[in-house]
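Numbered from 1 within each chain, the chains take letters A, B, ... in sequence-line order.
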There are 2 protein chains.
Amino acid sequence: MSDATPKVISEPTLRRLPHYHRYLKSLAEQGRDVVSCPNIGAALGLDPTQVRKDLEATGAVGRPRVGYSIPRLLEAIETVLGWNNVSQAFLAGAGHLGAALLGYRRFAESGLEIVAAFDTDPAKIGRPLHGREVLPLEKLPQLARRMHVMVGILAVPAEAAQAVADLMVEGGIRAIWNFAPVRLRVPETVIVQHEDLHASLAALTQKLASTLQAEVRKGAEHVR
Amino acid sequence: MSDATPKVISEPTLRRLPHYHRYLKSLAEQGRDVVSCPNIGAALGLDPTQVRKDLEATGAVGRPRVGYSIPRLLEAIETVLGWNNVSQAFLAGAGHLGAALLGYRRFAESGLEIVAAFDTDPAKIGRPLHGREVLPLEKLPQLARRMHVMVGILAVPAEAAQAVADLMVEGGIRAIWNFAPVRLRVPETVIVQHEDLHASLAALTQKLASTLQAEVRKGAEHVR
DNA sequence: TAGATTGTTAATCGATTAACAATC
DNA sequence: TAGATTGTTAATCGATTAACAATC
């Protein structure tokens, strides 16, 4: 029998862990050192059982009647999410969005450090952007290999996304954070996290439209 | 009995619709005018049955053996997503991310027009940003009421998010696109679309870490 | 007609929620 | 001890996937 279990954590759980972390941090600052699932659930608007299951996924152990140790919980979450060992990332696309991502320094707290940006626009290449150098896109693969960069951030127009993703794969990048509204074709060994603003916006506007419509219907019914 | 059905479309379906739209657009440009679900599924890497269910949700009707009319499908998707009637939005937070969102003009294609930005920083107020004026945040509620703006985009630091959301609600805003890593407390009548970059990043880094770990284990086993 | 695709109903799968015994 | 909370098992719920009849 092997030592460690594979331990697959579901995407919804993974996405909730940072929220727990943030709340626990605020409690720790207030001097609290234990917390219960019902407590977290009430603060974050989540089902206490769901909170417990999520915490269980981190390997944390609590004490009945008391709760969980906040420092140990924070530690457990950070370990699971890999926030302890920072990994370096390359950013492709130094447009509006790319620049915003470069400028947002707090990703470092989540274990990600953007070390260089790449673009095809000669006007951008060579100039520093938020303290990082902008390099010609074609250099991405060899540099990724040389520096053992594992994470790529894709902030290029939809038309170019697949080609740039191919470059990243060529450079040995193993995880792509994709901001282009395109489903990428990559080898199975490469992880793609899709950050689809267009999809979110579509969901938002549709929900708003259907809500407003329902209200109009209800209003009409009332008049009738 | 009432005329129209409420018709609730699931979030996953809503998020896929823009992808279908994009693909259908490209087919239309190539002069194609019919398309089948297996066809779409193969192109986008989705199960054909899932594609069919999604299209069904838009009210589109196809012909057995032939497929769906591309123009009619495009029309159906645009109608369902509310891309025909553009709605105006206010942006709160003119920092890196806010500026990037302002600069990204293509949201208009998805029925959203950002008409003004708000901030508390005196250095930003009064200056135009990507062609839109930056106004003092405290003016948001009354202006939203006066202009009947229904959508708010929240791109402020986490600490300020709840307070700014409260201002939006006060101004009668009915849908909030939230880029802050915070769960907002809003009345039931207000829709919140959470765009949680921290959560996505957490999921990405965890998956990468656990994949790499699994490979190390496998390698070790091989050596043994 | 033959056969591919639609439309629809059933089965599967995974996540959330509920129930309850164990425990401090 | 009494009772709140953990840990765990079962039930529910919704989305995905499979199966199959209807149809052009």
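Within residues 12-28 of chain B, the residues that have a heavy atom under 4.0 Å from DNA chain D are, in order of number, P12(B), R16(B). Contact check of residues 191-200 of chain B against DNA chain D (heavy atom, cut-off under 4.0 Å) returns no residues at all. Near DNA chain D, meaning a heavy atom under 4.0 Å away, the residues from residues 36-44 of chain A are S36(A), C37(A), P38(A). In the region residues 62-75 of chain A, proximity to DNA chain D at under 4.0 angstrom, judged on heavy atoms, holds for G62(A), R63(A), P64(A), R65(A), G67(A), Y68(A).
I40(A) has its side chain within reach of L55(A): a pair of non-hydrogen atoms, C-beta onward, lies under 4.5 Å apart. Counting only heavy atoms from C-beta outward, the side chains of L14(A) and L81(A) approach each other to under 4.5 Å. For the pair L137(B) and V156(B), the minimum side-chain heavy-atom distance is 4.5 Å or more. Counting only heavy atoms from C-beta outward, the side chains of L44(B) and R16(B) never approach each other to under 4.5 Å. Looking at heavy atoms from C-beta onward, V151(B) lies out of side-chain contact with Q88(B) at the 4.5 angstrom threshold. Looking only at side-chain heavy atoms (C-beta outward), I173(A) and V190(A) stay at 4.5 Å or farther from each other. The shortest side-chain heavy-atom distance between V34(B) and R63(B) does not fall under the 4.5 Å cut-off. Counting heavy atoms from C-beta on, the side chains of F90(B) and V115(B) come closer than 4.5 Å.
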Bracket notation of DNA chain C in which parentheses pair within the strand, [ ] cross earlier pairs, and | pairs with another strand (Watson-Crick or G-U, under 3.5 Å): ..||||||||||||||||||||||

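The salt bridge (Lys or Arg N to Asp or Glu O under 4.0 Å) contacts involving residues 186-195 of chain A comprise nothing, where partners must be two or more places apart or lie in separate chains. Within the structure, the salt bridge (Lys or Arg N to Asp or Glu O under 4.0 Å) test picks out the following pairs touching residues 165-179 of chain A (sequence neighbours left out): R174(A)-E215(B). Applying the side chain to side chain donor-acceptor pair (under 3.5 Å) test to residues at least two apart or on different chains, the pairs with a partner in residues 94-114 of chain A are Y104(A)-H198(B).
Applying the ring pair (Phe, Tyr, Trp, His ring centres under 6.0 Å) criterion to Y68(B), with sequence neighbours excluded, gives no partner residue. For F179(A), the ring pair (Phe, Tyr, Trp, His ring centres under 6.0 Å) test picks out W177(A), with sequence neighbours left out. Under the rule for a side-chain hydrogen bond (donor to acceptor under 3.5 Å, both in side chains), the partners of T13(B) that lie at least two apart in sequence or sit in another chain are S10(B), D54(B).
Going from atom CG of L197(A) over to atom CG of L197(B) covers 7.5 Å, rounded to the nearest 0.5 Å. Atom CG in L17(B) sits 7.0 Å away from atom OG1 in T58(B) (nearest 0.5 Å).
Between Q50(A) and E56(B), it is E56(B) whose nearest contact on DNA chain C lies nearer the 5' terminus. Residue order along DNA chain C, read from the 5' end via each residue's closest nucleotide, puts R52(B) first among E11(A) and R52(B).
Panel note: side chain Q193(B), backbone A175(B); no donor-acceptor pair is recorded below 3.5 Å.
Among the atoms of the strands shown, only primed sugar atoms or phosphate atoms (P, OP1, OP2) are found under 4.0 Å from some heavy atom of S10(B).
Here chain B contacts DNA chain C (any atom closer than 4.0 Å to a heavy atom, that is under 4.0 Å), and the contacts span dG3(C) to dA10(C) from 5' to 3'.
Using a cut-off of 4.0 Å between Lys/Arg side-chain N and Asp/Glu carboxylate O, E11(B) and R15(B) are scored as salt-bridged.
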